[in-house]
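Lettering follows sequence order; numbering is per chain, from 1.
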2 protein chains.
Amino acid sequence: MGATKSDHFTEKQNELAILTKALGHPARIAIIEYLLKVNTCICGDIVNELPLSQPTVSQHLKELKNAGLIKGNIEGNAICYCINEVGFEKIKVFFTQIDLHLEKRKNECC
Amino acid sequence: MGATKSDHFTEKQNELAILTKALGHPARIAIIEYLLKVNTCICGDIVNELPLSQPTVSQHLKELKNAGLIKGNIEGNAICYCINEVGFEKIKVFFTQIDLHLEKRKNECC
DNA sequence: TTTTTATATTGCAATATTACGATATAGATT
DNA sequence: AATCTATATCGTAATATTGCAATATAAAAA
């Protein structure tokens with residue numbers, strides 16, 4: 001017990017859950033919003049921006065990268081981070097479908 | 001240590017993180033997808049649909065409800081669940097903003 | 001080459017999540 | 001009233017997440 005039963009759900013459901021889970025923390029939302037504002041930045045910029053230590057920021061960046069929501073390219077000494085559009089495109093597809101469903105049956109609830 | 005430092009982030013960031021976090025589990029994605037398909041249902045229907053026990057499903061429903069993604073109305077003996085559009089509207093606003101940002105600077109990355 | 005700069009990783013403590021059996025609650029049925 | 005049906009809650013074990021100090025790594029600058 002304790003571990004998520006990923007085996008019992010579809011690949012699509014698991015993939016989407018990984019993406020939304022990665023966004024399920026205010027620090028990671030803040031990182032995404034910052035990246036949208038500045039386009040590209042290095043880890044140190046985010047450490048200066050957020051009230052978190054360097055290891056903690058590094059860990060959040062790793063999770064966002066693993067989920068496919070950001071990219072990181074080595075640039076000499078530092079690592080340049082930016083938004084990965086692939087991940088956001090997948091999320092968009094899901095929420096677009098939800099919107100279609102919701103518009104079809106407005107207020108049709110119990 | 002261990003607890004999320006919600007105090008250090010904006011209300012918007014925390015609110016959005018609560019919504020995305022609630023969707024960050026395949027069982028809860030599956031519940032949302034099922035509700036979109038059948039419009040309304042009771043807890044027992046979901047228990048029959050998912051490979052999870054009744055208490056576990058009940059717990060997931062509680063989290064979705066607390067996040068503002070579903071609603072539950074007492075209907076005699078049972079409880080009728082359905083999508084809460086308020087929560088999804090909030091998520092939509094965020095992702096629409098992201099889309100605008102991303103379109104403005106396509107492939108402008110490091 | 002030593003030092004500085006920038007990130008990642010390790011190790012660990014605190015806390016949160018996931019899952020379910022057992023049990024409680026509450027309305028419907030007999 | 002006793003029973004059935006539907007759901008929630010409690011208690012608990014297993015696992016995952018969050019956060020950071022200490023340390024490792026690796027390229028740049030002195």
What is the distance, rounded to the nearest whole Å, between atom CD1 of B:Ile70 and atom P of D:dT7? 12 Å
Side chain of A:Cys43 - closest among D:dT18, C:dT7, D:dA16: C:dT7
Beyond-backbone contact of A:Val57 with A:Glu49, side-chain heavy atoms, under 4.5 angstrom: no
Whole Å only: how far is the CG atom of B:Asn73 from the P atom of D:dA8? 12 Å
Which of C:dT17, D:dA8, C:dT9 is nearest the side chain of A:Pro55? It is C:dT9
Over 60° means perpendicular and under 30° means parallel, so tell me whether B:Phe9 and A:His25 are parallel, tilted or perpendicular. perpendicular
Would you indicate which nucleotide in C:dT7, D:dT7, D:dT18 comes nearest to any side-chain atom of A:Arg28? D:dT18
Do A:Glu15 and A:Lys90 make a side-chain contact, defined as non-hydrogen atoms from C-beta onward lying under 4.5 Å apart? yes
Is it the case that the side chains of B:Thr56 and B:Gln59 hold a donor-acceptor pair, with the cut-off being a distance below 3.5 Å and no angle test? no
Between D:dT18 atom P and A:Ile31 atom CD1, what is the distance in whole Å? 11 Å
Scan residues 59-67 of chain B against DNA chain C and write down, sorted by residue number, each residue with any heavy atom closer than 4.0 Å; if none is found, say none. B:Gln59, B:His60, B:Glu63
When rounded to whole Å, the CD1 to C1' distance for the pair A:Ile79 and D:dA26 reads 10 Å
Would you mind reading off the distance between A:Tyr81 atom OH and C:dA6 atom P, rounded to a whole angstrom? 14 Å
Tell me: CD of B:Gln54 to P of C:dG21, nearest whole Å? 11 Å
When you measure from the side-chain N and O atoms of B:Lys21 to the phosphate of D:dT17, is any distance below 4.0 Å, counting only OP1 and OP2? no
Test item: B:Tyr81 and A:Cys110 side chains (from C-beta on) under 4.5 Å apart, heavy atoms: no
Counting C-beta onward and ignoring hydrogens, is there a side-chain heavy-atom pair between A:Ser53 and A:Val47 closer than 4.5 Å? no
If you compare every side-chain N and O of A:Ser53 against the phosphate oxygens of D:dC20 (OP1, OP2), does one of them come in below 4.0 Å? yes
Nucleotide-resolved protein contact map, nucleotides 24-30 of chain C, B/S/- at heavy-atom distance under 4.0 Å: --BBS--
Minimum-distance nucleotide to A:Ile42 side chain [options: D:dT15, D:dA6, C:dT7]: C:dT7
Closest-nucleotide mapping onto DNA chain C: is A:Asp45 or A:Ser6 further toward the 5' terminus? I mean the 5' end. A:Asp45
With a non-hydrogen cut-off below 4.0 angstrom, is A:Thr4 in contact with a base, only sugar-phosphate, or nothing? sugar-phosphate
Among B:Leu69, B:Leu64, B:Leu23, B:Ile70, which residue meets the side chain to side chain contact (heavy atoms under 4.5 Å, CB included) test with B:Arg28? B:Leu64
Determine whether B:Ile46 and B:Leu61 make a side-chain contact, defined as any pair of heavy atoms from C-beta on separated by less than 4.5 Å. yes
Distance check: side-chain N/O of A:Thr56 vs OP1/OP2 of D:dT18, anything under 4.0 Å? no
Close side-chain approach of A:His8 to A:Lys5, heavy-atom, < 4.5 Å: yes
Looking at D:dT7, C:dT18, D:dT9, which one has an atom nearest to any side-chain atom of B:His25? C:dT18
Check disulfide (SG to SG under 2.5 Å) between A:Cys43 and all other residues, then give those that pass, not counting sequence neighbours. none
Which nucleotide sits closest to the side chain of B:Lys5: D:dA8, D:dG19, C:dA19? D:dG19
Distance in angstrom units between A:Leu23 CG and D:dT18 C1', rounded: 17 Å
For B:Ser58, which contact category applies under a 4.0 Å heavy-atom criterion: base, sugar-phosphate, or nothing? base
Taken to the nearest whole Å, CG/A:Leu52 to P/D:dA21 is 11 Å
